[in-house]
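Shown next, in structure tokens, is the structure this report addresses.
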Amino acid sequence: MKNGATQEFQKKEKIITTTCSYDCGARCLLKVHVCDGKITRIGTDSQSGPGLKACVRGLSQKDVVYSPQRLTQPLKRIGARGEGKFEPISWDEALDSISKELIRIKEAYGPHSIFLMDYYGNEGALRHTRKASTRFFNLFGGCTTAHGNTSLEAAMFASQNTLGTTFTGNSKDNLLYSKLIILWGWDPLTSRFGPDTAAYLTLAKKNGTKIICVDPRLSPSAKALAEKWVPVKPATDTALIMAMAHVMITEDCYDHDFIDTYTVGFEMFKAYVLGEEDGVPKTPQWAANITGAPAEDIMQLARDYASLKPAALFSGWAPGRTAFGEQFHRAAITLAAMTANIGVKGGHVAGGTNKVKLGVLANSFPVPHRNNPSVHVADIYDALLEGAAGGYPADVKLLYIVGCNLLNQFQNINKGIQALKMPEVIVIHELFMTPTARRADFVLPISHYMEEEDIGTPWGGGPYFIYMHQVVKPLPDTRSDLAIFTELATLLGLENYNPKSETEWLSEMVNATSELPEFNEFKRKRAHRIELDKPHIAFHKQIEDPAKHPFPTASGKIEIYSQHIAKMNDPLIPAIPKYIEPWEGPTDSHFDQYPIQLVSPHAKTRVNSQFDNIASLKNKADDTIWINLMDAHRRGIADGDRVLVYNGRGALRTIAKVTNRIMTGVASLDAGAWYKPDHQGIDNGGCVNVLTLDKMSPGGAFACNSCLVEIKPDKKN
């Protein structure tokens, strides 16, 4: 290219900053290169050291924006549900039809016959899917909603009932002060937990921090960072923690002063661990028989955690996504208290949500309060199938889906297919024709976040904010969720739904937040970083001065014995953490028929199910099923073979990855691949939720990692 042409290109090209607004595990700085109104490439944070560096998902958003599969006009179903036959219609016809259906259903059956299934497809401050949709339906007169977080409900339950708050995390620079880091059921190189986490873990390792992984598989993070892997069968993590507590108690290496000063209920927990309550001492050998972890490893892990201080037992949420998963999180918090690693530099609230109260806007898009009836996310299909006769709020006549690939991502797809036949009307907002969108009556095409203005706040909290500039113009005939609801509100006479301009909303949010500069100044910055002179550590005030700063619990202390849980009087949710045998675990009555425990971790190339249809990311995905060498040998399966994975709920075909990086009796298949059934109903897309059970844990956990299957060679090929 000649110099003149180069200069002309450089003059036309500009860099526009934004961030992903997905439920992705981070919130990173994206530097989007644009020339003549088109994205040419995407870069990220270039500062040295830990920063706001994007992953492959964020760096591939050009392929999402320009995907030929983008929906570009409203669609109306003309074939049978699920057949995928639609005709294009105008926005006027679509919104007019939907508004009339909303009125008809509300007047004929009442507002609770409208079920709003909104989730986390967009987490922008202004265009947050859940806020835009809930505000609309609350102003319309209410509806039935969903409750329960599919990712961290068990951690939230444990955090709230043990510590009195869901903000239990530290800033990630705190990891540099840990002498020991235990990655428990956590793969931060994939799930991230902030854009800087992997960098701080790498620095800690270089500085000599001992890193141990506890997980059913040797995850990518464990392989790259850990010096030891302690395997544990899914849904048995709590037993391993009980055995660690047993070692600390019998060897008297727990911190008595911390327990006496900051906790209540330890003596009851101690009696349970020693077997004084039920006659079963929770010894390392007892746990080894349950968990598959060697007793020697359990003892050494306990001794390391008790002696190498400060230490961060950093758990992910996967162990809690099991039957009785809330017991794991409560037990882990108790273990952190026994080792005095709460509220101190280099420590960590093991088992908490890991959420940090940093990078939070003072205001966001407002949602007026309304007491809507609610259905747990694990019960949605039953609510659709059974309605009022099954004890649910109403017979669902209209299902409105926003920011959610419901059928693909919620458990027990084959039940879901039957459930989605029940409503008279299904409306969905979508970027693509997902498995759920194929079953809708009206499909409304939405804009991509790069086509809108918004504000990005850190996923899970962090010391920064990012202004989301509009990078390119929206595709013709696509609209944001907020714009769609604004137009529906106008048709329905809801005058106060969106009374302000985009700039007015965003500037009010910024100007009300003391950590941010003036609105226009904030827009000019690539990212507004909050400089911390020391790590942000949850509960440091409570530990430094418990008299002035009690824990926000009923007792003012860490409640190993929870007063709130005790009042529930539910034997399946004991007031102290206990190990309870899980369903679909090694002792389940179906184990002989389906002897493999299946876990479904997040994929490095997807945000839940988003981007499974993007070829550049799909080509980088690992959509094989991991199976141990011994398990594969017994079944006549070789690496790379096509296999059938099945149980009483469904079946799928995929490719086997035979490896020693997963323990015997366990298999792993990344979640989020799109459901693609053949004429027999067998899934050829590798969607794990044809196999999972739609049953919540007593504390509300979405128990997708409690799933028994069998695997055999696929005779089809």
Side-chain angles (χ1 to χ4, degrees), residues 64 66-102 104-105 114-117 121 380-381 384-385 396-410 412-448 475-479 481 484 487-488 609-615 618 650-653 672-687 689-690:
V64 181
Y66 296 131
S67 169
Q69 298 178 47
R70 281 278 301 271
L71 297 172
T72 58
Q73 53 191 335
L75 301 172
K76 181 180 179 180
R77 178 172 64 85
I78 55 174
R81 273 208 189 134
E83 195 176 4
K85 292 183 178 180
F86 296 87
E87 64 178 4
I89 57 176
S90 69
W91 274 103
D92 285 345
E93 181 182 349
L95 297 177
D96 182 65
S97 298
I98 292 167
S99 63
K100 287 177 178 175
E101 291 289 6
L102 286 167
R104 178 182 70 83
I105 297 293
I114 300 170
F115 194 109
L116 171 61
M117 186 57 249
I380 289 172
Y381 294 152
L384 293 174
L385 288 165
V396 176
K397 301 297 182 180
L398 190 150
L399 176 61
Y400 205 113
I401 305 172
V402 192
C404 180
N405 190 1
L406 171 68
L407 182 68
N408 207 84
Q409 292 308 101
F410 286 20
N412 201 347
I413 280 177
N414 285 315
K415 182 190 279 190
I417 291 168
Q418 299 307 311
L420 290 180
K421 294 177 181 178
M422 301 302 291
E424 293 179 9
V425 182
I426 299 177
V427 180
I428 193 169
H429 299 190
E430 255 303 348
L431 274 170
F432 300 106
M433 187 57 71
T434 64
T436 309
R438 286 178 61 88
R439 287 159 177 81
D441 299 295
F442 295 96
V443 182
L444 304 181
I446 59 169
S447 51
H448 187 275
L475 290 184
D477 260 358
T478 64
R479 301 179 186 181
D481 297 315
I484 293 169
E487 294 186 52
L488 280 174
S609 68
Q610 289 171 289
F611 321 138
D612 188 58
N613 63 317
I614 304 301
K618 188 69 170 175
L652 62 83
R653 294 187 175 94
W674 284 12
Y675 172 62
K676 297 175 183 176
D678 64 14
H679 67 282
Q680 296 178 308
I682 297 174
D683 171 48
N684 289 311
C687 183
N689 283 320
V690 299

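As the structure is a prediction and not an experimental result, all values here were calculated from the model. In this chain, residues are counted from 1 in sequence order.
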Decide side chain to side chain contact (heavy atoms under 4.5 Å, CB included) for W91 and R479; before the verdict, give the C-alpha distance in whole Å, the side-chain angles of both, and the deciding distance to 0.1 Å. CA-CA 10 Å; W91 274 103; R479 301 179 186 181; 3.4 Å; yes

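- Taking the side chain as every heavy atom from C-beta outward, Q610 and V64 never approach each other to under 4.5 Å.
- For the atom pair CG (L431) and OG (S67), the distance works out to 9.0 Å, reported to the nearest 0.5 Å.
- Of the possible polar contacts, none joining the E424 side chain to the L398 backbone as a donor-acceptor pair under 3.5 Å is found.
- Here the side chains of I98 and Y400 are in contact, with some heavy-atom distance below 4.5 Å.
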With side chain to side chain contact (heavy atoms under 4.5 Å, CB included) as the test, would you mind laying out the steps for N689 and F410 before giving the verdict? CA-CA 7 Å; N689 283 320; F410 286 20; over 6 Å; no

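- The line from CG of D678 to CG of L652 is 11.0 Å long, rounded to the nearest 0.5 Å.
- Residues satisfying the side chain to side chain donor-acceptor pair (under 3.5 Å) criterion with Q73, sequence neighbours excluded, are absent altogether.
- Note on E83 versus R77: no salt bridge recorded, every NZ/NE/NH1/NH2 to OD/OE distance being 4.0 Å or above.
- Salt bridge annotation for D683-R653: absent, with no cationic side-chain nitrogen under 4.0 angstrom from a carboxylate oxygen.
- With rounding to the nearest 0.5 angstrom, the CD atom of E487 is 5.5 Å from the CG atom of L95.
- Annotation: side chain of I446 is in contact with side chain of D481 (closest heavy-atom distance under 4.5 Å).
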Between K397 and R104, is a side chain to side chain contact (heavy atoms under 4.5 Å, CB included) present by the stated rule, with each step listed? CA-CA 10 Å; K397 301 297 182 180; R104 178 182 70 83; over 6 Å; no

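- For T434, there are no side chain to side chain donor-acceptor pair (under 3.5 Å) partners at least two apart in sequence or on another chain.
- Using a 4.5 Å heavy-atom cutoff, the side chains of W674 and C687 are not in contact.
- For the pair M433/L71, a side-chain contact is recorded, criterion being any heavy-atom separation below 4.5 Å from C-beta on.
- There is a side-chain donor-acceptor pair under 3.5 Å between S609 and N405.
- No side-chain heavy atom of D441 sits under 4.5 Å from any side-chain heavy atom of F86.
- Proximity of a side-chain donor or acceptor of N408 to a complementary backbone N or O of A673 within less than 3.5 Å is detected.
- Nearest heavy atoms, P423 versus A419: CD-O, 3.5 Å.
- To the nearest 0.5 Å, atom CD of residue E430 and atom CG of residue L444 are 10.5 Å apart.
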Stepwise side chain to side chain contact (heavy atoms under 4.5 Å, CB included) test for L399 and V425: CA-CA 6 Å; L399 176 61; V425 182; over 6 Å; no

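- With rounding to the nearest 0.5 Å, the separation of CZ in F115 from CD1 in I401 is 9.5 Å.
- The environment of K618 atom NZ is dense: over 12 non-hydrogen atoms of other residues, nucleotides or ligands sit within 6.0 angstrom.
- Using a 4.5 Å heavy-atom cutoff, the side chains of L407 and I413 are in contact.
- At a threshold of 4.5 Å between non-hydrogen side-chain atoms, the residues L75 and I89 do not count as touching.
- The distance from atom CD1 of I114 to atom CD1 of I105, rounded to the nearest 0.5 Å, is 7.0 Å.
- Every side-chain contact (heavy atoms from CB on, under 4.5 Å) that T478 has, sequence neighbours left out, goes to R70, P445, S447, E451, P474, L475.
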